[in-house]
Amino acid sequence: MTSPEPALRHALVQERAHHDRCRTALSAMVDGAQEHVVTGADVSASGADAEVLGYQLRSHAKAMRELPEGPLFFGRLEAGRQSLHIGRLRITERPAEPPLVVDWRAPVSRAFYQATARDPQGVSVRRRFGWAPGSRGDSADLTGLEDEHLDRGESRVSDIVAREIERPRVGPMRDIAATIQPEQDDLVRGDLTMSVCVQGAPGTGKTAVGLHRAAYLLYTHPQRIRRGGLLILGPNRTFLSYISQVLPALGETGVRQSTLGEEIAGCPVRGVDGERAGVLKHDVRMAEVLRRALYARVGGRDGAAVDSVVVPDGSYRWRVSAEELGRIVAGVRGEEPPYGVGRERVRTRVVRRIQEQAERRAGPQSGAWVRRISGARAVGAYVDAVWPRVRPEEVVAALLGDPGVLAAAADGVLDGEEQKALLWARPPRSWKSARWSAADLVLLDEVAGLIEHPQGYGHVVVDEAQDLSPMECRAIARRAPFGSVTVLGDLAQGTTPWAARSWGTVLRHLGKPDAAVVPLTTGFRVPGAVLALANRLLERLDVEVPQARSLRGDGELRFREAGGDLPGAVVGAVRDALGREGSVGVVAADGDVERVREALGAAGIEAGGADELGARVAVVPASVVKGLEYDHVVAVEPAAIVEAEERGLHRLYVVVTRAVAGLEVVHGRPLPW
């Protein structure tokens, strides 16, 4: 309940004074971090230890300097005699004294998100603060506060939280530390060892949950996470630009945010696949085809002709027979190590057989002797012949360029028509001149993982995971073989030809079949009227996901018939939207984007692109709008959006759910729902 006016004014004066004190303390913390960099350089330590210490101090000082400006706290808890302000990072005047602000991720802060009148968790009063939109942290911007007296059984929907959720979307995505809901908090604070999949309906905050979970894990397990690393994977650079400021706003910098394409980009993409070839290359059956193609090189033509390995050693000549060599290679093959490891195991076991002969004759041999025998020309020549060095590009180029190689590797896996679709029409003269497609990079990464397992991350957050192919999932799995994953997505928004129909399939390919699938169905972003339209579309999609419900009764849904002048109708809709507060996203089928942009330009309306986050009006192709949000969305000719691709209805579902305040559908053709 809001305090009476005099009491409210008094409380605001006190809280503004506390914020000024926090601002002074934070400045001292920033200066202190820089001072530690200087003094740390004088600390007596060994070379390696000094380097690690210096890196840690410099990283901390850099993170402190780069903290975005803004309010330093958003909540307060009264629990017994204890009063705690909750903010995005811990602020203290002296390390040994109670903090002025407690980090939202600290265990004591959990009650801010979870306490209720029925279960107050020791909290008597929960206070939320209202800050002026766009505040850079001036105390005068603290304009209001709300108190819930949980000890009196008082519970209410916070007006401050509602206003924050509904605040216009202009610029990059904001953090939600001030507005996290209990079901979101449960996911954010999940244990590091547990992988989780969030099936989030539009506007339920699944992306924000994933980013806040990353920030929570970095705070709770700093050494374990930083040792293994943390990776955020998004669908494209536009999306990553949109979310790029969330983690820095929460005090976490230096986290790698990338696309899967960037992670596996060992070669430039200069080729384009036909539709069928592209789909086949993403098919999980290709994993077996590639494995066969790689291991077909073991025991190669030259190796088959080797009767034995003979190594001169002074007056002796040590010999390993062809039968023994065959048993060595078969034994290593049976262990199924990475290809590169297997090659070295063969070498090691051949040398061991020679060492056993030498020790029976002359006693124990030195390490130098073992290294000399290991480097002997005869041993190296045999290993090269029977388990040759190979590059992923050689394997894939031979597979796609040689019908015989493909037929042998794909026998019983791919039929003749599928093999024909995969083969390059004009094979390159060598793998070095191959024109690799984007799908080829997935194949190359699969082979690279068979040759040598990549170093994994401690945790990987994967957004828009419903669009991943089985082969892309395997590429991600190789980057988290022992770490955990947070999988975010919505099966209803799957738009790729290989989009998932069930999370069980995705999780199995990610190597996390036991991960829990948790639905988020309460929408905070999308107005109820817009979500009702989306739920009508949902009934026509071939996925089983629960319908979403919106907590918001505001927002607008309008339809505008274009008659014979679609561009003119779009201009009219945009002008109407500009009469309201907030950003405007004009979303059209990819082939119509330029026509829409030209019409707006001719009408004197300046429009940016999807990657221009500060633009008031953005014209966005339907193919890249996923994950973005605008206060007002103008959806242009839904029938064209649906017809543009195989899963066009799914794409339209994405388009209409980008609206935060209002959606206007402009159409000259019958609507596809």
Side-chain angles (χ1 to χ4, degrees), residues 287-413 427 429-432 446-453:
E288 174 61 17
V289 173
L290 292 165
R291 189 193 66 80
R292 291 183 185 180
L294 174 63
Y295 282 94
R297 296 168 180 260
V298 173
R301 292 186 299 273
D302 294 336
V306 175
D307 292 329
S308 62
V309 169
V310 178
V311 179
D313 179 24
S315 59
Y316 297 106
R317 292 169 65 85
W318 310 116
R319 179 177 178 274
V320 182
S321 68
E323 293 78 8
E324 182 66 14
L325 292 172
R327 286 194 292 271
I328 288 172
V329 173
V332 173
R333 280 289 302 268
E335 294 164 6
E336 298 185 351
Y339 184 92
V341 172
R343 172 182 162 85
E344 292 311 310
R345 283 186 188 175
V346 170
R347 182 192 304 276
T348 298
R349 292 178 190 183
V350 170
V351 171
R352 187 182 301 162
R353 299 296 182 271
I354 295 172
Q355 184 178 359
E356 290 168 353
Q357 296 177 45
E359 291 181 345
R360 284 197 297 268
R361 186 174 188 102
Q365 301 296 313
S366 67
W369 181 92
V370 172
R371 289 190 293 275
R372 180 167 57 81
I373 296 299
S374 182
R377 181 178 301 176
V379 173
Y382 175 73
V383 173
D384 286 341
V386 78
W387 205 297
R389 295 181 188 274
V390 68
R391 296 175 59 96
E393 295 88 345
E394 296 177 72
V395 176
V396 177
L399 187 73
L400 302 181
D402 188 325
V405 172
L406 179 57
D411 183 37
V413 180
R429 300 181 69 176
S430 77
W431 63 266
K432 294 181 180 179
E446 179 77 23
V447 177
L450 291 170
I451 295 174
E452 183 177 4
H453 293 167

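Not measured: the values here are computed from a predicted model.
Taking all atoms of both residues into account, the shortest heavy-atom contact from P403 to G401 is CD-O, 3.8 Å. Residue V310 comes nearest to R317 through the heavy atom pair CG1-NH2, 3.5 Å, listed as atom of the first residue, atom of the second, then distance. Contact record, V405 with L399: CG1-CA, 4.0 Å, taken as the closest heavy-atom pair.
Using modelled atom types, no side-chain atom of E324 and backbone atom of S321 make a donor-acceptor pair closer than 3.5 Å.
How far OG of S308 is from CH2 of W318: 15.0 Å, rounded to the nearest 0.5 Å. Of the inter-residue distances, the one linking D307 atom CG with R319 atom CZ reads 8.0 Å to the nearest 0.5 angstrom.
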Q: For side chain to side chain contact (heavy atoms under 4.5 Å, CB included), just list the numbers for R353 and I328, CA-CA rounded to whole Å, side-chain angles, deciding distance to a tenth of an Å, and then say yes or no.
A: CA-CA 10 Å; R353 299 296 182 271; I328 288 172; 4.0 Å; yes
(Q) Walk me through whether V350 and V383 qualify under side chain to side chain contact (heavy atoms under 4.5 Å, CB included). (A) CA-CA 9 Å; V350 170; V383 173; 5.6 Å; no
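In this structure the side chain of V413 reaches within 4.5 angstrom of the side chain of R292, judged on heavy atoms. Residues R361 and Q357 fail the side-chain proximity criterion, which asks for heavy atoms closer than 4.5 Å. Inter-residue side-chain proximity for E446 and V396 is flagged as unmet; no heavy-atom pair is nearer than 4.5 Å. The side-chain heavy atoms of L325 and V386, taken from C-beta on, include no pair separated by under 4.5 Å.
With sequence neighbours left out, the side-chain contact (heavy atoms from CB on, under 4.5 Å) criterion links A448 to P392.
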Can you give me every donor-acceptor pair (side chain of residues 329-343, partner residue at least two apart or in another chain, under 3.5 Å) with its distance?
| unit_1 | atom_1 | unit_2 | atom_2 | d |
| --- | --- | --- | --- | --- |
| E335 | OE1 | R345 | NH1 | 2.8 |
| E335 | OE1 | R349 | NH2 | 3.1 |
| E335 | OE2 | R349 | NH1 | 2.9 |
| E335 | OE2 | R349 | NH2 | 3.0 |
| Y339 | OH | P388 | O | 2.7 |
| R343 | NH1 | D384 | OD1 | 3.1 |
| R343 | NH1 | W387 | O | 2.8 |
| R343 | NH2 | D384 | OD1 | 2.7 |

Which donor-acceptor pairs under 3.5 Å do side chains of residues 368-378 form with protein atoms, sequence neighbours excluded?
| unit_1 | atom_1 | unit_2 | atom_2 | d |
| --- | --- | --- | --- | --- |
| W369 | NE1 | D313 | OD2 | 3.0 |
| R372 | NH1 | D313 | OD1 | 3.4 |
| R372 | NH2 | D313 | OD1 | 3.1 |

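More than 12 heavy-atom neighbours from other residues, nucleotides or ligands sit within 6.0 angstrom of CD on E359.
Between R352 and E356 there is no salt bridge, since no side-chain nitrogen of the basic residue lies less than 4.0 Å from a carboxylate oxygen of the acidic one.
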